[in-house]
Amino acid sequence: MKIVSVVGARPQFVKLAPIHKAALAAGVEHVIVHTGQHYDPMLSDVFFEDLGIGAPDVHLGVGSGSHGVQTGSMLAALDAVFDEHRPDWVLVYGDTNSTVAAALSAVKMHIPVAHLEAGLRSFNRRMPEEHNRVMTDHAADLLLAPTQVAVEHLSDEGLAARTVLVGDVMTDVLLEVRDEVGARPSPLLDELDLVPGEYYVATIHRAENTDDPERLAEVATALGGLDKPVVLLAHPRVVAKAAAHGIALTQGALIAHAPLAYPELIAAALSSAGVVTDSGGLQKEAFLLGIPCTTVRTETEWVETVELGWNVLANTASEITAAVTRPRPADTGDAPYGDGHAAERVIAELIRAAGETSGT
Ligand code: UD1
């Protein structure tokens with residue numbers, strides 16, 4: 001059996017790590033295609049190195065561009081790759097332009113497509129990620145859902161017959177890395193002279209928060225006014241937008257810092273007082289680490305983190321301040337994101353379903 005995984009952006013490299021491990025353990029041939037959507041070493045290479053993935057087998061080198069140019073270039077380049085490999089499955093991850101390009105290319109070539117992290121919805125049609133999710137789910141043959149809520153969304157859209165609940169593969173990685181880094185202090189503490197439990201970790205990169213200068217200035221000012229140092233692990237997108245509009249990312253309590261490798265990010269979050277983010281993955285990672293999270297958005301796909309009290313949505317400056325400084329929630333012991341073995345279930349399901357379609 002042969003699987004081609006297509007990845008391109010930072011969170012996809014994290015999801016790829018446990019899948020690659022489980023594929024190798026099951027004796028499955030696993031070809032990794034990197035679209036090149038993320039090309040900075042700190043957003044890309046470091047993840048392959050630290051998470052034991054090795055190097056991608058194919059690198060398309062597509063790089064940045066408008067949504068249409070970026071997605072279209074990937075689509076054109078992927079046709080040739082899929083034609084050469086003719087896999088049993090193309091596996092696509094999450095909600096980026098790389099996801100929708102790979103799903104569309106594969107489905108048009110009649111190659112079965114499986115979507116990992118299927119069924120997430122923000123119901124915000126202004127988000128590029130929301131278009132990507134909906135289109136990918138409807139194009140794919142097998143929908144690998146991380147949570148019961150995701151299963152229900154797919155069922156509401158008439159996709160129940162193609163859906164399997166597998167759990168969340170980011171939990172697999174997080175639990176492993178947490179145990180590795182738990183014992184050693186974050187290098188950020190020394191570097192920035194921070195005291196454990198007396199700083200916040202922030203990431204902001206979504207178009208909704210970065211592309212409008214007034215909005216970006218509002219978020220930066222709110223973070224700069226917080227009661228403890230705020231380390232902003234600045235994605236290239238936020239750095240570029242801030243520079244273009246003359247907005248300071250180091251102001252008041254706010255300290256801009258380069259993005260961190262995955263184990264260093266987890267170590268930094270683990271000894272922080274809280275996380276402030278618009279990333280999807282980090283909301284869940286904070287929850288799994290038992291660190292309060294404030295999400296700088298008006299909605300989230302990971303509704304369980306909010307329902308269980310660990311995550312608060314905050315959009316305006318005053319909402320951000322109130323949410324970040326709220327009292328710590330109580331631990332309810334709920335585990336909505338699975339048991340850390342989702343990747344094994346994914347590979348087992350791909351093997352089973354491939355057998356079904358080939359009639360074995
Ligand atoms: C993408 C995903 C988003 C995901 C995020 C994780 C889409 C539509 N969005 O957003 O869902 O949460 O990745 O980080 O696919 N850039 C660099 N170096 C890089 C990559 C990007 O400088 O290695 C800059 C470029 O100026 C680029 C901008 O960042 O135009 C945005 O990159 P892009 O890949 O379009 O989207 P992200 O904001 O990273």
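Ligands are counted one by one from 1 in listed order, and the atoms in each one are counted from 1 as well.
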>> Tell me whether Glu356 is salt-bridged to Arg352, with the criterion being a basic N under 4.0 Å from an acidic carboxylate O.
In response: yes
> Under 30°, 30 to 60°, or over 60°: which ring-plane class applies to Phe13 and His34, parallel, tilted or perpendicular?
Replying inline: tilted
> Among all protein non-hydrogen atoms, which one is nearest to atom 11 (O) of ligand 1, and what is the separation to 0.1 Å?
Replying inline: Glu129 OE2, 2.8 Å
>> I'd like the name of whichever of Glu130, Met42, Arg10, His205 reaches closest to atom 4 (C) of ligand 1 through any heavy atom.
In response: His205
> What residues, two or more places apart in sequence or in another chain, satisfy ring-ring contact (aromatic ring centres under 6.0 Å, His included) together with His341?
Replying inline: none
> What residue and atom, counting heavy atoms only, is the protein's closest point to atom 34 (O) of ligand 1, and at what distance?
Replying inline: Gln37 NE2, 2.9 Å
> Short list, please: which atoms of ligand 1 are under 4.0 Å from a heavy atom of Leu43?
Replying inline: 19 (C), 20 (C), 23 (O)
> Among protein heavy atoms, which lies nearest atom 31 (C) of ligand 1, and at what distance?
Replying inline: Arg237 NH1, 3.4 Å
> Counting heavy atoms only, which of Pro41, Ala9, Ser64 is nearest atom 26 (O) of ligand 1?
Replying inline: Ser64
>> I want to confirm something. Looking only at heavy atoms, which of Thr99, Asp278, Asn97 is nearest to atom 8 (C) of ligand 1?
In response: Asn97
> Are a donor atom and an acceptor atom from the side chains of Asn132 and Thr99 found within less than 3.5 Å of each other?
Replying inline: no
> Which residue owns the protein heavy atom closest to atom 18 (N) of ligand 1, what's the atom, and how far is it?
Replying inline: Asp40 OD2, 3.1 Å
> Less than 4.0 Å between a side-chain N and a carboxylate O, is that true for Arg237 and Asp211?
Replying inline: yes
>> Among all the protein's non-hydrogen atoms, which is closest to atom 6 (C) of ligand 1, and how far away is it?
In response: Pro11 CD, 3.4 Å
> Who gets closest to atom 35 (O) of ligand 1 by heavy atom: Met127, Gln70, Gln12, His67?
Replying inline: Gln70
>> Please list the nearest protein heavy atom to atom 16 (N) of ligand 1 with its residue and the distance rounded to 0.1 Å.
In response: Tyr39 OH, 3.6 Å
> Can you name the side chain to side chain contact (heavy atoms under 4.5 Å, CB included) partners of Leu24, sequence neighbours left out?
Replying inline: His20
> What protein heavy atom sits nearest atom 2 (C) of ligand 1, and how far off is it?
Replying inline: Thr96 CG2, 3.8 Å
> Distance from Glu349 atom CD to Leu144 atom CG, nearest 0.5 Å?
Replying inline: 7.0 Å
>> At less than 4.0 angstrom from any non-hydrogen atom of Asp95, what atoms of ligand 1 do you find?
In response: 11 (O)
>> Looking at Arg121 and Asp137, is any side-chain nitrogen of the basic one under 4.0 Å from a carboxylate oxygen of the acidic one?
In response: yes
>> Considering non-hydrogen atoms of the protein only, which is the closest contact for atom 39 (O) of ligand 1, and what is the distance?
In response: His38 NE2, 2.6 Å
>> Please determine whether a side-chain nitrogen of the Lys or Arg among Asp40 and Arg10 lies less than 4.0 Å from a carboxylate oxygen of the Asp or Glu.
In response: no
